[in-house]
2 protein chains.
Amino acid sequence: MVEERQEMDRCDCEVIHEDIVNLVRSKMPLEETLYDLAELFKVFGDSTRIKILWALDEAEMCVCDIAWLLNMTQSAISHQLRVLKQANLVRNRKEGKIVFYSLIDEHVKQIFNQGLEHTREL
Amino acid sequence: MVEERQEMDRCDCEVIHEDIVNLVRSKMPLEETLYDLAELFKVFGDSTRIKILWALDEAEMCVCDIAWLLNMTQSAISHQLRVLKQANLVRNRKEGKIVFYSLIDEHVKQIFNQGLEHTREL
DNA sequence: CATACATATGAATGATTGTTCATATATTCA
DNA sequence: TGAATATATGAACAATCATTCATATGTATG
């Protein structure tokens, strides 16, 4: 299948900026890579999930404790834990009736801290 | 105003896990801080905005060039640049008719790179 | 086996959001 | 001043999403 470039609104900057645009284009990561990256940040882009991740970075916890900690329903937490698990951010361990969740990736806290540095720079 | 803790679904783990939950609670950042953090990541959680930021990290660019680069309409780009500006991620500079946008924060690329490290670890 | 409990899940709903379309604003140039 | 160009913006629409509610699944316990 031939990849055809759709004719876009093209302003007169073209002649002047074409080189820069082409340079930038050549340096951009793959479309798919950037899509995946956006998907990851989408997971971080909800304060309930941020709180869960922050909590799990402190200690492994079961679902009902997270719900209690965050003052939310068990169901809401359970749904969000599923999202976090699908994003490979948390793992779980079953002990009888109780399911304990914990953080998988050590980058998470680093990403959060860098984000915090930005928000503090206002 | 008195802060009243809403009665939540509370499981029998309470007795056993109460100490851990209270410890975690004491270590959690302010509600508002985590909300702001989530808002920041929400901005990163869209592939159009990710692409714009990635592009601007390479070079200052005008609106129509970004639109051309990303094969999108000027209007769509303009709307997203507004979101990025409100999040204090980009600044702009006017030169006649043309408005050039550039990146404000050097953390951005670092945050992206850490995010990429996570996505690569699947 | 029946009951209680911890968690998961599907459907429904209200809210948010990204893009498009039409149009407004601002600037240059003839 | 009028036409052309670059950008911004408001309304509308479709799509996505977080929470709730009801209920299902799985496990221990009496």
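Residue numbers begin at 1 in each chain, while the letters A, B, ... track the order of the sequences.
More than 12 heavy-atom neighbours from other residues, nucleotides or ligands sit within 6.0 angstrom of NZ on B:K109. Around the NZ atom of B:K27, the shell of radius 6.0 Å holds no more than 12 heavy atoms that belong to other residues, nucleotides or ligands. In the displayed structure, B:E32 atom CD is contacted under 6.0 Å by at most 12 heavy atoms of other residues, nucleotides or ligands.
Ranked by how close their nearest DNA chain D nucleotide is to the 5' end, B:A76 and A:H79 are led by B:A76. When each of A:E95 and B:Y101 is assigned the nucleotide of DNA chain D bearing its nearest heavy atom, the one mapping closer to the 5' terminus is B:Y101.
Between B:R120 and B:E117 there is no salt bridge, since none of the side-chain N atoms of the basic residue sits less than 4.0 Å from a carboxylate O of the acidic one.
Looking at residues 40-63 of chain B, you'll see B:K42, B:D46, B:T48, B:R49 sit with a heavy atom under 4.0 Å from some atom of DNA chain C.
With rounding to whole Å, B:I77 atom CD1 is found 8 Å from C:dT19 atom P. Atom-to-atom, CE of B:M72 to C1' of C:dT19 comes out at 7 Å; the value is rounded to the nearest Å. One interatomic measurement links the two molecules: CD1 of B:I98 to P of C:dC29, which rounds to 11 Å at whole-angstrom precision. Distance NZ (A:K85) to C1' (C:dT9): 14 Å, rounded to an integer number of Å. As a whole-Å value, the separation of A:N92 CG from D:dG26 P is 15 Å. In this entry the distance linking NZ of A:K97 with C1' of D:dG26 reads 11 Å, nearest Å. Between A:Q74 atom CD and C:dG10 atom C1' the separation is 14 Å, expressed in whole Å. Here the P atom of nucleotide D:dC17 and the CD atom of A:Q86 are 11 Å apart, to the nearest Å.
Across every non-hydrogen atom of A:M61 and A:A55, the tightest pair is SD-CB, 4.1 Å. Here the closest heavy-atom approach between residue A:D46 and residue B:A38 is recorded as C-CB, 3.7 Å. Pairing each heavy atom of A:A87 with each of A:V43, the nearest pair is CB-CG2, 3.9 Å.
Under the 4.5 Å side-chain heavy-atom criterion for grouping Ile, Leu, Val, Met, Phe, Trp and Tyr, B:M28 is connected to A:I50 within one hydrophobic cluster.
No engagement by A:F100 is indicated, since no non-hydrogen atom pair under 4.0 Å with the nucleic acid exists.
Comparing the start and finish of the helix from C:dC1-D:dG30 to C:dA30-D:dT1, five pairs each, the helix axis swings through 10°, to the nearest 10 degrees.
Residue pairs meeting the ring pair (Phe, Tyr, Trp, His ring centres under 6.0 Å) criterion with at least one member in residues 38-57 of chain B, sequence neighbours excluded: A:F41-B:F41, A:F41-B:F44, A:F44-B:F41, A:F112-B:F41, B:F44-B:F112, B:W54-B:F112.
A close approach under 4.0 Å does not occur between any side-chain nitrogen or oxygen of B:S78 and OP1 or OP2 of D:dT7. Remark: A:K94 is in phosphate contact with D:dT27, judged by side-chain N or O atoms under 4.0 Å from OP1 or OP2.
Taking 3.5 Å as the limit, the base of C:dC21 and the side chain of B:S75 contain a donor-acceptor pair of atoms between them.
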